[in-house]
Structure formats: C-alpha cells, structure tokens
Amino acid sequence: MTQCRICATVRAASHDELRREREAASRADLVELRLDGLARPDPAVALGGRTRPAVVTCRPRWEGGRFEGAEEERCRLLQAALAAGAEYVDVEWRAPFRDELLARFADRIVLSWHDFEGVPADLHGRVRTLLATGAARVKVAVMVRRLGDLPTLAACGRPHGAGGRLVLIGMGQAGVATRILPSTFGSVWTYAGDAAPGQLPLGRLLDEFRVRAVGPGTTVYGVVGRSVRRSVSPAMHNAAFAALKVDAVYLPLETGAFGDVDASRAALGLEGCSVTAPHKVAAARASVLRDPSVSRLDAANTLRWSRSLAGWESTNTDLDGFLVPLTGVELRSLRATVVGAGGAARAVIAGLTDRQARVTVRARDASRARAAAEPFRAEWGPLPVPPGSWDVLVNATPAGSGAEAASSPVDSAALDGRLVYDLIYDPPDTSLLKEARRHGCATIGGLEMLVAQGARQFEWWTGRPAPTDVMREAASRRLAVMLGEDSHRVEERDAP
Ligand code: NAP
C-alpha cells in the first residue's frame, strides 16, 4: 500500500450511520472505523462495500474508548475484521491478546499506545519497543499539556518515523500542531475527526490547513494565546496564503506560558506569530527588535523570527487595525470612552488620542484604568459608565463573548452617545451592539478590526499586499460555522 496521509476516524451509533460517515469521508486516504460506538458491532457489515482502505478499531473503556464487553469478544471482533478483509486492525499495546494477534497478523496491525496523563519520560524507549514488534504501523498518542512538550515529540518522531511506520500524536489543544504537521513529527498519517481531544475534522484539515500541501519547505506561522481554539485567525491567514499561493501554514498554538513559544520555535520551524491575550506584553519584552508601535504600547501582537539577530522582531498592528473601520469618522474633540484597560485598550487609547478625541478610560479596577490612561494623557475613571458622558464608546473587554456572551459592559441607560465600537468579533453582534442600535447609536463590530490588523500582519510577514476580501470572507465563514455548532450543541442539550 502507498503511504497515506489522512486517516478519517468515523464513529457512529448504528452500522448504517457508520457506513454513511465512512463514505462521506471520501477525501481521506483511509478510514478508521470505530466499532466501539456500536451496540452490537459486526465488522463485516461495517467494512462491506467500502471504497478505501480501513483501520478497524474497537477501543475499550480502559484505553479511552467506549467498548465495555469482554476482551475475548474484542479479540474475536478484530479477527472477524481481518477475516472480512480489513487492511489494518488497531491493537492496543496493553491488550491481553496483543502477542497472539501480532504473531499472526503483524503486517496488518496498527499497534497503539495512549497516555492520557502526559508525555512520559521514556517516550523514545516506548516508541522503540513498539516498533521492534514488527507491527505494520505504530501509533503513539500522548497528552500534550504545553507547547513546550512539542520539541520532545519532534525529536522522538523524526528519527523513529524515518521508516514510515510511525504515527505520533500530541493529544489536547497544545498538541494540535502534531495533527497539522505530521511529517514534522515523523508521522506517516494524521487522524481527522472528533474522536479525540484536539483532533480536527477532515474538512478543516484539508481546506483550512491544506495538510496535503504542507511539506518540509512550508513556512509555519501561528496564533499564540491562552485560549485560541475559537480563534478565526487560522482560517483568515490560511485563506490568504492559499489565495496568493504562499507555501505557508498558520496554526493555533495554545499556551498559558509565553516561554513555550521560544521552547518550541525551532521544532515547529515557526517563522512568525500573532500574539493574543495574555502574552502581548511578554512578546514585546522578549523581542530583540521592536518597532515604534511596540515601544509605544509596551505590547506586541506580531512577531517574526530574524535569523540575523537570532531573535524575534515585533510590531503591533492593533492600533492601525482599530482605526481602519473609523476611516472617514471625524473624531477630533469627541468624547471617547474606552471600557477596559488591558492590551487591546492601550492600542485603542493610542489610536483615539492620535485622532484627537478626548479619551476617558474606564475599568472595573480604577487603578488599572489610570495606569492605561496616563501614558497617553487620557482621563480615567471607574465603571459603570455614567449616562451623558460620551460620544464614542469602545468596548475593549471580553464582556459579551465566551462564557459572558449574554452580558454587556455598559448599562442600557448609559447608551446615549453616537457610536459604539465593540472589539469583540465572536459573536459578531454582541448584546452591547444590539442594545446600542436600539438606542439609536451607530455600531461597529470587531471583525473589521480583526481583518485589518491581520492584513497588516500578513504584509509584514510576506512583504505582499494582503487579500483583505479573502481574509474577511474566510473569517466570517469560520465564525458562522462555529456559531452554528454552538447552537446545535444548545439544541442537543435542550432536547427532551
Ligand atoms: P486583556 O488584556 O485580558 O484585558 C481585558 C480587560 O477587560 C481588562 O481591563 C479586564 O479587567 C477587563 N475585563 C474583563 N472582563 C470584564 C468584565 N466582565 N467587565 C468589565 N471589565 C472586564 O484582553 P485584551 O487583549 O485587551 O482584549 C480585550 C477584548 O478585545 C477581547 O474580547 C479581545 O478578543 C478583543 N480584541 C479584539 C481584537 C480584534 O481584532 N477585533 C483585537 C484585540 C482584542 P481586569 O484587569 O480587572 O481583569
């Protein structure tokens, strides 16, 4: 069999559904048929009429799956799958029948080992031991809790993967890079689906991350932040790279510690990144060359690696990005209130003072409002925002998104100015914006700023004009998909 690159994992509650899902994964090279979702699995039925090679897996509870029957029954099912012509069956290292099946069918076995706790100290030894069994493929999946674990995986995967028999996976959000850059980690294929933490659906791997086009020469970028799984920046930048035929890929790089970016840079081949909360100040301080925007804001939202300096260069595109949607709006002498005193607020305050608005910063901790305001000679004060106090109001807090999606940082009674600009783009229409419109204010949502600051990042990295319309369209589409998934989840939860 030729080397495969994408294995779509399919799990369903009935054989009909499993077969439907199996055939729907028509762009995968092979499918993993998970029997452990079925009440009474029949491998011959699951495999019958398939149009691509299959790995049959019946994962027991004790290895993170759903099968609760006896091990004898599991062994019988896997043998039945082999008898029905399955190209591979997945056998766990810890399965009691492992040696029995290896002795007879090694050339059709994916020998798997999962560690849901973390990256074990003896990863190399473990991989070596599994490969030494002679199994056709060896799959090792370990929970990656920090980006800083990725160099260990790459150092293990590259030499051991040279024989084309290894699949090495970092489970969890911090391990997503192992799924998008399989060759970096020595993997002969990558799994697509939603069966494991951090796994990406087939469509996203192929269309958003263009996994088939990613190779050793591909430049790697990413967005670094504490919670980037809902970031639409990967969709936006990858669409821009695709549109201009730039051989580059942009990954979500989730980390709570900025130091992990440096630790994993070389292993990932990271040439640049967007930086989001809470790492903008750390990124500014870690860079060896800052452009004036960074020095002014003491925050960087964009890094690129300089070989000559052997360090990061930084810039901040938030300020310009914030002002783009305000092009043509006369701000001079207007009373502008900025709600929030974090990294984004600083760019907003700078932008508004540059345009000669009279700025007041308000935060729930007034001392932070003061610290954000003073460098720009802005006024400051506590929350709530008093009625009659502003013409332009900018929300630079996360109140209105995520777990706080229903909330608004400003009382309705205080929505008596002219223009409300909410930096939040997820959701695109926040409670604040809806309520502001109800009170007759003009409104601007955060998506336009996201696109504008992203376009400047793209230009700084590639030296080419950004395809702004492509980026806006990709970001909006990804956002719509995520919001659709959210409402589907709510419907499922509320179903009787
Ligand atoms: P940050 O550095 O964490 O700052 C958040 C600020 O919001 C802090 O002042 C925080 O106050 C305040 N805050 C948090 N929850 C609050 C609440 N429930 N009520 C009142 N204040 C609250 O975050 P950031 O990087 O500045 O980002 C702020 C927002 O802007 C985020 O929603 C982010 O997604 C958005 N943003 C959008 C774009 C874009 O391109 N559209 C770009 C950058 C940022 P404490 O200090 O008291 O916690």
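Note that the structure is predicted; figures quoted are calculated from it, not measured.
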A.B. asks: Is the closest side-chain heavy-atom distance between L166 and V188 below 4.5 Å?
C.D. replies: no
A.B. asks: Please tell me whether F209 and Y250 form a close aromatic pair, meaning their ring centres lie under 6.0 Å apart.
C.D. replies: no
A.B. asks: In the structure I gave you, are the side-chain heavy atoms of I180 and E208 within less than 4.5 Å of one another anywhere?
C.D. replies: no
A.B. asks: Could you tell me whether R59 and E63 make a salt bridge, using a distance below 4.0 angstrom between a side-chain N and a carboxylate O?
C.D. replies: no
A.B. asks: Find out whether the Lys NZ or Arg CZ of R126 is both under 6.0 angstrom from the six-membered ring centre of W113 and within 45° of the ring's axis.
C.D. replies: yes
A.B. asks: Which heavy atom of P325 sits nearest a heavy atom of Y421, and at what distance?
C.D. replies: CG-OH, 3.3 Å
A.B. asks: Is the terminal nitrogen or CZ of K280 (NZ for Lys, CZ for Arg) located under 6.0 angstrom from the six-membered ring centre of F258 and within 45° of that ring's axis?
C.D. replies: no
A.B. asks: Can you tell if the side chain of P43 reaches within under 4.5 Å of the side chain of L77, non-hydrogen atoms only?
C.D. replies: yes
A.B. asks: Strictly below 4.0 Å, N to O, side chains only: are R204 and D194 in salt-bridge contact?
C.D. replies: no
A.B. asks: Among L18, L33, D42, which residue meets the side-chain contact (heavy atoms from CB on, under 4.5 Å) test with L47?
C.D. replies: L33
A.B. asks: When the aromatic ring centroids of W461 and H237 are compared, is their separation below 6.0 Å?
C.D. replies: yes
A.B. asks: Could you walk me through whether R285 and D298 pass the salt bridge (charged side-chain N to carboxylate O under 4.0 Å, His left out) check?
C.D. replies: CA-CA 8 Å; R285 298 195 177 156; D298 192 23; 2.4 Å; yes
A.B. asks: Heavy atoms, side chains only, cut-off 4.5 Å: are R52 and V31 in contact?
C.D. replies: yes
A.B. asks: Pair D16, S14 - check side-chain hydrogen bond (donor to acceptor under 3.5 Å, both in side chains), show working.
C.D. replies: CA-CA 5 Å; D16 279 353; S14 73; 5.5 Å; no
A.B. asks: With a 4.5 Å cut-off on side-chain heavy atoms, are V10 and E32 touching?
C.D. replies: no
A.B. asks: Could you tell me whether R11 and E21 have a side-chain N and a carboxylate O separated by less than 4.0 Å?
C.D. replies: no
A.B. asks: Charged N to carboxylate O under 4.0 angstrom, E254 versus R229?
C.D. replies: yes
A.B. asks: Does a donor on one side chain and an acceptor on the other come within less than 3.5 Å for Q453 and D320?
C.D. replies: no
A.B. asks: Looking at every heavy atom in both G256 and R226, which two are closest together, and how far apart are they?
C.D. replies: CA-CG, 4.4 Å
A.B. asks: Would you call R5 and D29 a salt bridge, taking side-chain N to carboxylate O under 4.0 Å as the test?
C.D. replies: no
A.B. asks: For a 4.5 angstrom cut-off between non-hydrogen side-chain atoms, does E87 reach L30?
C.D. replies: no
A.B. asks: With a 6.0 Å cut-off (strictly less than), is the heavy-atom count around CZ of R212, excluding the residue itself, greater than 12?
C.D. replies: yes
A.B. asks: Let me know which of H114, K139, R74 forms a side-chain hydrogen bond (donor to acceptor under 3.5 Å, both in side chains) with E92.
C.D. replies: R74
A.B. asks: Got more than 12 heavy atoms from elsewhere within 6.0 Å of CZ, R98?
C.D. replies: yes
A.B. asks: Answer yes or no: is there a side-chain heavy-atom contact under 4.5 Å between I6 and L206?
C.D. replies: yes
A.B. asks: Is the closest side-chain donor-acceptor distance between T255 and D260 under 3.5 Å?
C.D. replies: yes
A.B. asks: If the threshold is 4.0 Å, N to carboxylate O, is there a salt bridge linking R307 and E271?
C.D. replies: yes
A.B. asks: Report the C-alpha distance between V142 and I169 in whole Å, list the side-chain angles of each, state the deciding distance to 0.1 Å, and finish with yes or no for side-chain contact (heavy atoms from CB on, under 4.5 Å).
C.D. replies: CA-CA 6 Å; V142 296; I169 298 163; over 6 Å; no
A.B. asks: Do the side-chain N and O atoms of T317 and N301 include a donor-acceptor pair separated by under 3.5 angstrom?
C.D. replies: yes
A.B. asks: Look at atom CG of D262 and say whether more than 12 heavy atoms of other residues, nucleotides or ligands are closer to it than 6.0 Å.
C.D. replies: yes
A.B. asks: Check step by step if ring-ring contact (aromatic ring centres under 6.0 Å, His included) holds for Y88 and W189.
C.D. replies: CA-CA 14 Å; Y88 300 103; W189 70 57; 5.7 Å; yes
A.B. asks: For S314 versus L303, what's the shortest heavy-atom pair and its separation?
C.D. replies: CB-CD2, 3.6 Å
A.B. asks: Considering all heavy atoms of both residues, which atom of L147 and which atom of A174 are nearest to each other, and what is their separation?
C.D. replies: CD2-O, 3.7 Å
A.B. asks: Quick test of your reading of the model: are E23 and R50 salt-bridged, counting only N-O distances below 4.0 Å?
C.D. replies: no
